[in-house]
**Q** 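For reference, the structure I am asking about is given below.
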Number of protein chains: 2
Amino acid sequence: MRDRSKLSERQRGILRFMETYLETQGFPPTIREIGEATGINSTSVVNYNLNKLVDAGFLERASSKSRGIRLVTTTGKSLPKQVVASNNIVRVPLVGQIVASAPVAVPDDVGYYFDEDDLIDVSVWLLGGADPSEVFALRVKGDSMIDAMIGDGDIVIFRKQNYAENGDMVAVWLDERGETTLKRFFHENDRIRLQPEHPTMKPIYVDPAHCHVQGRVLSVIRHIG
Amino acid sequence: MRDRSKLSERQRGILRFMETYLETQGFPPTIREIGEATGINSTSVVNYNLNKLVDAGFLERASSKSRGIRLVTTTGKSLPKQVVASNNIVRVPLVGQIVASAPVAVPDDVGYYFDEDDLIDVSVWLLGGADPSEVFALRVKGDSMIDAMIGDGDIVIFRKQNYAENGDMVAVWLDERGETTLKRFFHENDRIRLQPEHPTMKPIYVDPAHCHVQGRVLSVIRHIG
DNA sequence: ATTGTAACCGAACATTCATTCTATTGTCAA
DNA sequence: TTGACAATAGAATGAATGTTCGGTTACAAT
């Protein structure tokens with residue numbers, strides 16, 4: 001159940017189209033629109049595959065209602081009440097983990113590859129206006145970021161970029177230390193000051209040539225309970 | 001623009017119905033369904049008022065498409081691209097601020113009063129299975145929670161409750177100190193140990209009679225960007 | 001009184017749309 | 001080979017649905 005790899009190529013295409021259509025239109029597509037988008041020439045075949053997707057638990061349908069198709073959440077729960085289908089939600093790829101001893105590995109096609117199930121829904125206001133296609137998320141491993149008020153298991157949302165403005169909170173790779181860290185970024189004369197978020201911690205200073213910005217922090221999400 | 005009080009009662013009703021319909025169905029209603037729900041006997045009148053709501057900036061319509069109505073988000077931006085109408089989102093009331101020197105004031109009807117604009121959309125996975133009707137959010141004011149890795153401006157999501165289990169992260173009001181704080185909760189013999197999240201900080205011990213749990217922390221959201 | 005206008009109703013109309021039925025193709029096992 | 005079955009195509013059907021138009025009411029301005 002809920003394993004996309006068990007689906008046919010067409011069914012995966014339908015799911016993909018459903019997601020992007022909902023993203024761009026705010027309401028579900030008709031079976032005809034699905035057919036055109038996925039190269040299916042018959043409405044009955046779309047209908048057939050939609051029902052397959054319902055059986056597989058990926059969709060729900062309201063029978064005899066136009067556009068009566070909805071995506072079932074990845075949480076597995078059939079359908080929670082009190083749930084809102086609002087359209088200020090962005091689906092962000094959770095591409096991996098921050099490990100202090102390795103640079104952040106960010107695929108080039110962030111935001112355009114939607115086959116993974118590792119997508120998290122976040123409110124647009126957490127993106128601060130950034131283009132959702134260049135946003136990605138990482139899960140923090142370990143307590144090395146604790147001076148930035150970021151702990152083990154936290155999810156950090158980044159905008160992918162290799163530069164930074166003064167005061168930006170960024171993930172930087174430090175050649176000298178051989179690790180990635182999260183700090184506030186300040187360009188000072190010929191060096192760069194990296195200021196921890198915690199007021200009692202001291203800043204560190206590095207050579208611009210040996211520090212590589214990997215992304216700017218937009219938001220932090222911590223789930224506890 | 002975007003002032004509900006300027007709308008007619010019918011138009012407000014249409015907006016309300018749009019929201020609840022989307023919440024429960026996952027796709028927009030037809031004009032006929034809107035009419036039945038709001039006591040309008042003519043589809044043309046619904047159409048008329050829908051266009052008014054478009055003019056007022058509350059809705060957008062895709063002409064000639066069934067159910068081609070979408071709510072415009074309160075962010076003011078005309079229409080976010082790349083936006084998803086997924087249904088694992090919960091709307092949580094943002095009821096106020098945590099002030100270290102005052103108890104948290106939680107209205108009794110949390111979750112049932114939806115006329116306010118102070119609602120934030122969060123993913124259900126941040127609730128950890130809690131009933132959305134008993135969930136609320138607070139914005140943290142000041143740095144008094146920094147040892148719990150929670151900073152100024154962070155949004156904390158709570159489940160309203162006046163008890164706690166060992167190890168729970170809770171907001172507690174301390175009579176002796178006259179402040180609310182966020183700590184991990186441990187019942188030890190005749191006293192209660194409140195353990196800061198930060199490993200280098202020491203716990204504090206209080207008398208059970210003088211500490212009042214106000215809610216359990218489910219998640220923390222920090223927007224930086 | 002007359003005019004103009006916003007809000008409303010009812011009905012007719014034209015599509016859009018989901019459903020259903022029949023038929024064809026390909027695959028795999030008996 | 002034959003039979004069963006999944007997947008597909010095409011077309012027909014009817015219900016669902018958005019749009020339009022003529023007419024009505026209420027109210028304020030002229």
Side-chain angles (χ1 to χ4, degrees), chain A residues 1 3-18 20-22 24-72 85, chain B residues 1 3-18 20-22 24-72 85:
Chain A
M1 186 80 90
D3 183 358
R4 284 203 186 195
S5 65
K6 284 190 157 41
L7 301 175
S8 74
E9 190 48 52
R10 276 193 164 171
Q11 286 161 8
R12 272 194 294 272
I14 289 176
L15 279 185
R16 260 197 306 272
F17 176 67
M18 277 289 296
T20 60
Y21 191 100
L22 281 167
T24 56
Q25 302 305 124
F27 47 83
T30 67
I31 61 180
R32 260 161 265 263
E33 288 168 330
I34 294 173
E36 288 168 20
T38 57
I40 299 177
N41 299 317
S42 173
T43 58
S44 65
V45 176
V46 177
N47 190 57
Y48 174 84
N49 283 291
L50 284 177
N51 288 332
K52 289 289 173 186
L53 286 167
V54 171
D55 292 342
F58 288 91
L59 296 180
E60 291 185 348
R61 299 187 71 185
S63 79
S64 293
K65 298 200 166 183
S66 68
R67 301 172 191 272
I69 316 171
R70 54 177 165 247
L71 290 168
V72 170
Chain B
M1 183 83 88
D3 184 359
R4 284 204 185 194
S5 64
K6 285 191 157 38
L7 300 175
S8 74
E9 191 46 54
R10 276 192 165 173
Q11 287 159 9
R12 272 194 293 274
I14 290 175
L15 279 184
R16 258 196 305 274
F17 176 67
M18 277 288 297
T20 61
Y21 192 100
L22 280 169
T24 55
Q25 302 306 122
F27 47 84
T30 67
I31 60 179
R32 261 162 262 262
E33 287 169 330
I34 295 173
E36 287 168 19
T38 58
I40 299 177
N41 298 317
S42 173
T43 59
S44 64
V45 176
V46 178
N47 190 56
Y48 173 84
N49 283 292
L50 285 177
N51 289 332
K52 289 288 174 189
L53 286 166
V54 171
D55 293 343
F58 289 90
L59 296 180
E60 292 187 349
R61 299 186 71 184
S63 79
S64 292
K65 298 197 167 185
S66 69
R67 303 172 191 270
I69 315 170
R70 52 176 165 247
L71 289 169
V72 171

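Chain letters run A, B, ... following the sequence lines, proteins first, then strands; residues in each count from 1. Since we're looking at a predicted model, the values are computed, not measured. Note that these values count all heavy atoms, side chains included, but never hydrogens, waters or copies made by symmetry.
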**Q** Rounded to the nearest 0.5 Å, what's the gap from CD1 on Ile69(B) to CD1 on Ile34(B)? Could you check?
**A**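 The CD1 atom of Ile34(B) is 4.0 Å from CD1 of Ile69(B), to the nearest 0.5 Å.
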**Q** Working to the nearest 0.5 Å, report the span between CD of Glu60(A) and CZ of Phe27(B).
**A**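 Going from the CD atom of Glu60(A) to the CZ atom of Phe27(B) covers 10.0 Å.
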**Q** Using 0.5 Å steps for rounding, measure from the OG1 atom of Thr38(A) to the CZ atom of Arg12(A).
**A**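 Reported to 0.5 Å precision, the distance equals 13.5 Å.
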**Q** Please report the distance, rounded to the nearest Å, between CD1 in Ile40(A) and P in dC17(C).
**A**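 Whole-Å distance recorded here is 17 Å.
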**Q** Can you name the side chain to side chain donor-acceptor pair (under 3.5 Å) partners of Asn51(B), sequence neighbours left out?
**A**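 Side chain to side chain donor-acceptor pair (under 3.5 Å) check on Asn51(B) returns Arg61(B).
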**Q** Any chance you could measure Leu53(A), atom CG, to Ile14(A), atom CD1, to the nearest 0.5 Å?
**A**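 One finds 5.5 Å between CG of Leu53(A) and CD1 of Ile14(A).
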**Q** Between protein and nucleotides 17-19 of chain D, what N or O pairs are separated by less than 3.5 Å?
**A**
residue, atom, partner, partner atom, Å
dT17(D), OP1, Arg67(B), NH2, 2.5
dG18(D), OP1, Arg67(B), N, 2.9
dG18(D), OP2, Ile31(B), N, 3.0
dG18(D), O3', Ser64(B), N, 3.4
dG18(D), N7, Arg32(B), NH2, 2.4
dG18(D), O6, Arg32(B), NH2, 3.1
dT19(D), OP1, Ser64(B), N, 2.9
dT19(D), OP2, Asn47(B), OD1, 3.4
dT19(D), OP2, Arg61(B), NH2, 3.0
dT19(D), O4, Thr43(B), OG1, 3.1

**Q** Should Gln11(A) and Leu15(A) be marked as a side chain to side chain contact (heavy atoms under 4.5 Å, CB included) after you check the CA-CA gap, both sets of side-chain angles, and the distance that decides it?
**A** CA-CA 6 Å; Gln11(A) 286 161 8; Leu15(A) 279 185; over 6 Å; no
**Q** How long is the straight-line distance from CG of Asn49(B) back to OG of Ser44(B), given to the nearest 0.5 Å?
**A**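 Those atoms lie 10.0 Å apart.
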**Q** Which residues satisfy the salt bridge (charged side-chain N to carboxylate O under 4.0 Å, His left out) test with Arg67(B), sequence neighbours excluded?
**A**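 Only Glu33(B) meet the salt bridge (charged side-chain N to carboxylate O under 4.0 Å, His left out) criterion with Arg67(B).
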**Q** N/O contacts under 3.5 Å, protein versus nucleotides 23-28 of chain D?
**A**
none

**Q** From Ile40(B) CD1 over to Arg10(B) CZ, what is the distance, rounded to the nearest 0.5 angstrom?
**A**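 So the CD1 of Ile40(B) and the CZ of Arg10(B) are separated by 4.5 Å.
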**Q** Each nucleotide N or O in nucleotides 4-8 of chain C that has a protein N or O under 3.5 Å away: list the pair and distance.
**A**
residue, atom, partner, partner atom, Å
dA7(C), OP2, Tyr48(B), OH, 2.5
dA7(C), O5', Tyr48(B), OH, 3.4
dC8(C), OP1, Arg10(B), NH1, 3.1
dC8(C), OP2, Asn49(B), ND2, 3.1
dC8(C), O5', Arg10(B), NH1, 3.1

**Q** Hey, is the main chain of Thr43(B) close enough, under 3.5 Å, to the side chain of Arg32(B) for a donor-acceptor pair?
**A**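 It does not hold such a pair.
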